[in-house]
Amino acid sequence: LIKELIKLYIIFATIFFIGRLFFYLLNLERFSDITFSESMLTFIYGFRMDTIVISIILVIPTLILSLSPKLFSKSTSKILNTYILALLILAVFIECASFPFFAQYDLRPNYLFIEYLEYPKEVSSLLFKDYKLQFIAAFLIISLVVTLYIKSKFINFENVFQQSYLSRILMLLPILLVLFIGIRSSLGHRPVNISD
C-alpha cells in the first residue's frame, strides 16, 4: 500500500517539478536582483505547495485501497487507474495552460481561469486562434504522459491486495495522519497560508 502511494507521490511531484523548472528557466530575469540560493526558495515553497495538492489527491486511493476486499481487486484497480489518469491529464493540462496564462496575466491560473470556463465556446475559439501551437504541444505532452502511464505499469494497484486485509486497515489511520499533516503542511497552530 505505502509503496504504491509513494510511487503516485513521485509521479505527481515530478510533473509539478518539471513545470516549475520550466517556469524558473523562462523567467530567470525576474531573479536578477536576488542571489541564486534565494531564488531556490521557489522550489522549496513549490515543493511544499505541491505536497499539499498531492496529499489531497492521495486521500481517495488510500481509503479505497485500505478498505476494499481482495475480491474486488480488479475492479478497484481499474477505478483507481481511471481516477489517477484523469488527475494526471488535469495536472499536465494545468501545467501546460499555466505558461500562456502567465504570459497574459503575469500569474498562474487562478479563479479567472475557472470563471472563463463558463464560456467554453467563446474561450476555446479565442484560445485556439491565439495559442494553436501551445494547444498542439499540450496535446502531445498529455498523450505522452498517458501512454507512459498505461504502458509502463509503474503503478500496479493489484499488488496492494497481496497484503492482508487486516494489515491494510491497520495502516489506514497512520497513512491518513501523514496525509493530513501533508495537507495542513504545518505542525504549528495555523496551517500553511495557501496565498503563498
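- Arg108 and Glu95 are joined by a salt bridge, as a carboxylate oxygen and a charged side-chain nitrogen come within less than 4.0 angstrom of each other.
- We find the CG-CD1 distance between Leu65 and Ile2 to be 12.0 Å, quoted to the nearest 0.5 Å.
- Contact annotation: the side chain of Phe43 approaches that of Phe17 to within less than 4.5 Å [non-hydrogen atoms, C-beta and beyond].
- No side-chain heavy atom of Val160 sits less than 4.5 Å from a side-chain heavy atom of Thr76.
- Separation of the Phe161 and Phe72 ring centroids does not fall under the 6.0 Å cut-off.
- Of the N and O atoms on the side chains of Tyr165 and Ser68, not one donor lies less than 3.5 Å from an acceptor on the other residue.
- Atom CG of Leu133 has 12 or fewer neighbouring heavy atoms from other residues, nucleotides or ligands inside a 6.0 Å radius.
- Closest approach of Ser167 to Ser164, counting heavy atoms only: OG-O, 2.9 Å.
- A side-chain donor-acceptor contact under 3.5 Å links Ser39 and Tyr24.
- Looking only at side-chain heavy atoms (C-beta outward), Ile181 and Arg184 stay at 4.5 Å or farther from each other.
- Nearest heavy-atom pair, Cys96 versus Ala138, reported as atom, atom and distance to 0.1 Å: CB-CB, 3.7 Å.
- Interatomic distance, CD1 of Ile34 versus CG of Leu41, reported as 7.5 Å (0.5 Å rounding).
- Taken from CG in Leu88 to CZ in Phe93, the straight-line distance is 15.0 Å, to the nearest 0.5 Å.
- In this view, Leu172 and Thr62, Leu63, Ser66, Leu67, Leu176 satisfy the side chain to side chain contact (heavy atoms under 4.5 Å, CB included) rule, not counting sequence neighbours.
- The shortest heavy-atom contact between Ala97 and Pro100 is O-CD, 3.3 Å.
- Under a hydrophobic clustering in which Ile, Leu, Val, Met, Phe, Trp and Tyr are joined whenever their side-chain heavy atoms come within less than 4.5 Å, directly or via other members, Leu173 and Leu58 fall into different clusters.
- Side-chain atoms of Phe102 and Leu26, non-hydrogen and from C-beta on, never get closer than 4.5 Å to each other.
- Other residues, nucleotides and ligands contribute more than 12 heavy atoms inside 6.0 Å of the CZ atom of Phe31.
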Check against side-chain contact (heavy atoms from CB on, under 4.5 Å), Met49 and Ile52: CA-CA 5 Å; Met49 296 300 152; Ile52 293 169; 4.0 Å; yes
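- With Ser32 contributing its side chain and Glu29 its backbone, the two residues share a donor-acceptor pair below 3.5 Å.
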Trace of the side-chain contact (heavy atoms from CB on, under 4.5 Å) decision for Thr51 with Ile183: CA-CA 7 Å; Thr51 296; Ile183 293 166; over 6 Å; no
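- Side-chain heavy atoms closer than 4.5 Å link hydrophobic residues (I, L, V, M, F, W, Y) into clusters, and following such links, possibly through other members, connects Ile60 to Leu179.
- In plain terms, the two heavy atoms of Glu4 and Asn159 that are nearest each other are OE2-ND2, 3.9 Å.
- Using modelled atom types, one side-chain atom of Gln163 and one backbone atom of Leu1 make a donor-acceptor pair closer than 3.5 Å.
- Hydrophobic clustering of Ile, Leu, Val, Met, Phe, Trp and Tyr side chains at less than 4.5 Å, counting indirect connections, keeps Leu144 apart from Val92.
- Under a hydrophobic-cluster definition in which Ile, Leu, Val, Met, Phe, Trp and Tyr are linked whenever side-chain heavy atoms come within less than 4.5 Å, directly or via other members, Ile94 and Tyr83 are assigned to the same cluster.
- Using a 4.5 Å heavy-atom cutoff, the side chains of Ile84 and Leu8 are in contact.
- With rounding to the nearest 0.5 Å, the separation of OG in Ser73 from CD in Glu158 is 5.0 Å.
- The minimum heavy-atom distance between Ile155 and Lys7, with the atom names listed, is CD1-CB, 3.4 Å.
- Phe23 and Phe99 have their aromatic ring centers within a separation under 6.0 angstrom.
- At a threshold of 4.5 Å between non-hydrogen side-chain atoms, the residues Phe16 and Val53 count as touching.
- Arg20 approaches Asp50 most closely through the heavy-atom pair NH1-OD2, 2.7 Å.
- At a threshold of 4.5 Å between non-hydrogen side-chain atoms, the residues Ile64 and Phe157 do not count as touching.
- Between atom CG of residue Leu90 and atom CD1 of residue Ile142 there is a gap of 9.0 Å, rounded to the nearest 0.5 Å.
- Under the 4.5 Å side-chain criterion, counting only non-hydrogen atoms from C-beta, Val146 is in contact with Leu85.
- With rounding to the nearest 0.5 angstrom, the CD1 atom of Ile54 is 11.5 Å from the CG atom of Leu87.
- Cluster membership check: Leu5 does not share its hydrophobic cluster with Leu170, using side-chain heavy-atom separations under 4.5 Å among Ile, Leu, Val, Met, Phe, Trp and Tyr.
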